[in-house]
Amino acid sequence: MNTFSAPKGTFDVIPPRSASWLAVKEALSAPPRASGYAFIETPIFEDTALFVRGVGESTDVVSKEMYTFEDRGGRSLTLRPEGTASVLRAIVEHGLDRGGLPVKVWYAGPNFRYERPQSGRYRQHTQVGVETVGSADPAIDAEVIWLASHAYANLGLSELVLLLNSLGCKECRPRYREALQEFLSTLDLDDATRERAAKNPLRVLDDKRDTVKSQLVDAPLIVDFLCEDCRAHHEQLKQYLSDLDISWVDEPRLVRGLDYYTRTLFEFSHPGLGAQSAIGGGGRYDGLLETLGGKPQPGIGFGLGVDRTLLACEAEGLEVGAATRVDVFVVAMTEGAKTLTVKLLSDLRALQVRTDMEYAGKGLKGAMKSADRSGAKLSVIIGDREVEAGVAEVKNMATGEQQPVSLAELIDYVKGTLK
Ligand code: HAM
């Protein structure tokens, strides 16, 4: 009979690599959790209109990549392509912005984009994100960037680059948009790009094709159009980053694929990933809460890609997550010894000692192979003779040395040896 495969562009997170994937996810969420950010979980699907309005109709994410369907009640729903719109929808819906500000939340979960699959680009990917709503202080921009760079540093990543830009605000961006549009109108562009230049000219700066890129060398840059407030905000952020020993590269052409950004924009890029080099990114979205029907409130956040961050760790040869499944492997040589091993297994686990036992009913040789494969440092072998004598044989898997230990002292002995 035919078997099934995971849908195109998706992948299973399976052992042994799943241990590293989970460790990356936990490492990325550790800094926000330790910094007073509250956890938030939103549905995986939302009203389609939320993303159209929040992320922007002319973005690739909305116009080309959404998984949209009608449910049995005739509603148009979309699998979330990103987390920010959903989280801000929840903040408005539950009035979280009416309490103490800023609201600071973190989240983790899958997102869905109908993209052309390739290494590092999937149709389902997982992000760890934070959103903060209610503060326009550049110190919170620095905090958000620090949370991400601290997480990457904790994983041991050293080759990544922080790219930084400011996109201005509703005062100064229109002037830049106009100048850019004027410049783009003089170029030799295909119809689709010309249309994009009319609708969303900043997106043209993100075009990866050499034919377009080569014509953009003299394009006007947003830095030259920032108003006094935006310039001051950006300078202050850079000062804070320097104070925090975070280095960055100014990237005046950085635009990201989502329409809600204002002012601070950043992306962490890793050279080991080829075309899909962005392992995480974010920015300010000072108008988004209002766009979604809330009170005008500034905000900033990020989304860090778990799958790409793991690829970056692998590119740097970093070992992430426990290499072994357990520390102790228990083997019952006879049915009679089983009662004792089942109890011992649960006692060790209750004491946080990572323990497993042989369930396949193999002989001693097969059981020791399982012990080896588990990566355990110690195996504990109990047979009828041992039960009678009140001892267990404890084998050090690295040296092969084996010695009897009385059952009464076994747990202390195991804990002492593993220290
Ligand atoms: P984003 O840049 O679209 O931003 O996605 C964040 C990260 O998710 C990317 O840097 C990348 O690592 C990962 N990612 C995105 N698409 C894919 C894909 N197809 N396959 C694998 N990984 C992917 C956002 O989604 C914003 N919501 C971030 C944000 C939060 N901005 C402000 N707050």
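Positions are given from 1 along the sequence. For ligands, and for the atoms within them, numbers begin at 1 and follow the listed sequence.
For R256, every heavy-atom contact with ligand 1 shorter than 4.0 Å involves the side chain, none the backbone.
Residue G129 places every heavy atom at 4.0 Å or more from ligand 1. G257 does not count as a contact of ligand 1, since none of its heavy atoms falls under 4.0 Å from the ligand. Residue contacts with ligand 1: Y260 is included, with a non-hydrogen atom under 4.0 Å away.
For the pair Y285 and ligand 1, the shortest N or O to N or O distance does not fall below 3.5 Å. Note: an N/O pair closer than 3.5 Å links Q127 and ligand 1 by distance alone. At least one N or O atom of E115, backbone or side chain, sits closer than 3.5 Å to an N or O atom of ligand 1.
The aromatic rings of W106 and F39 are tilted relative to each other, their planes meeting at an angle between 30° and 60°. The aromatic rings of H150 and W146 lie parallel to each other, their planes meeting at an angle below 30°, with 60° marking the opposite boundary.
D141 and T264 are linked by a side-chain donor-acceptor pair at a separation below 3.5 angstrom, with hydrogens and angles left out of the test. Residues T291 and Y260 have side chains that never bring a donor and an acceptor to within less than 3.5 angstrom of each other.
Nearest protein heavy-atom neighbour of atom 20 (N) of ligand 1: Y122 N, 3.0 Å. Here the heavy atom of the protein found nearest to atom 32 (C) of ligand 1 is G301 O, 3.2 Å. Annotation: atom 9 (C) of ligand 1 to nearest protein heavy atom, A278 O, 4.0 Å. Annotation: atom 30 (C) of ligand 1 to nearest protein heavy atom, T84 OG1, 3.0 Å. When hydrogens are left out, the protein atom nearest atom 27 (N) of ligand 1 is E82 OE1, 2.6 Å; that is the closest non-hydrogen contact.
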(message) Run the side chain to side chain contact (heavy atoms under 4.5 Å, CB included) test on L348 and L410 for me, step by step, so that the C-alpha distance in whole Å, both residues' side-chain angles and the decisive distance to 0.1 Å come before the verdict.
(response) CA-CA 10 Å; L348 285 167; L410 187 64; over 6 Å; no
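For ligand 1 and R121, the ligand atoms under 4.0 Å from any heavy atom of the residue are 19 (N), 20 (N). Those atoms of ligand 1 with a heavy atom of I279 less than 4.0 angstrom away are 10 (O), 12 (O). Each of the following atoms of ligand 1 lies closer than 4.0 Å to a heavy atom of E131: 30 (C), 32 (C), 33 (N). Residue G303 has at least one heavy-atom neighbour below 4.0 Å for each of these atoms of ligand 1: 6 (C), 7 (C), 28 (C), 29 (C), 30 (C). If you number the atoms of ligand 1 from 1 as listed, the ones under 4.0 Å from a heavy atom of G282 come out as 31 (N). Listed by atom number, the atoms of ligand 1 under 4.0 Å from L258 heavy atoms are 3 (O), 4 (O), 24 (C), 26 (C). Near Y261, with a cut-off below 4.0 Å to any heavy atom, the atoms of ligand 1 are 26 (C), 28 (C), 29 (C), 31 (N), 32 (C).
Within the structure, the salt bridge (Lys or Arg N to Asp or Glu O under 4.0 Å) test picks out the following pairs touching residues 39-54 (sequence neighbours left out): E46-R89. The list of ring pair (Phe, Tyr, Trp, His ring centres under 6.0 Å) pairs with a residue in residues 4-38, not counting sequence neighbours, reads F11-Y122.
Proximity annotation for atom 14 (N) of ligand 1: of H125, E267, E65, Q118, H125 comes nearest, heavy atoms only.
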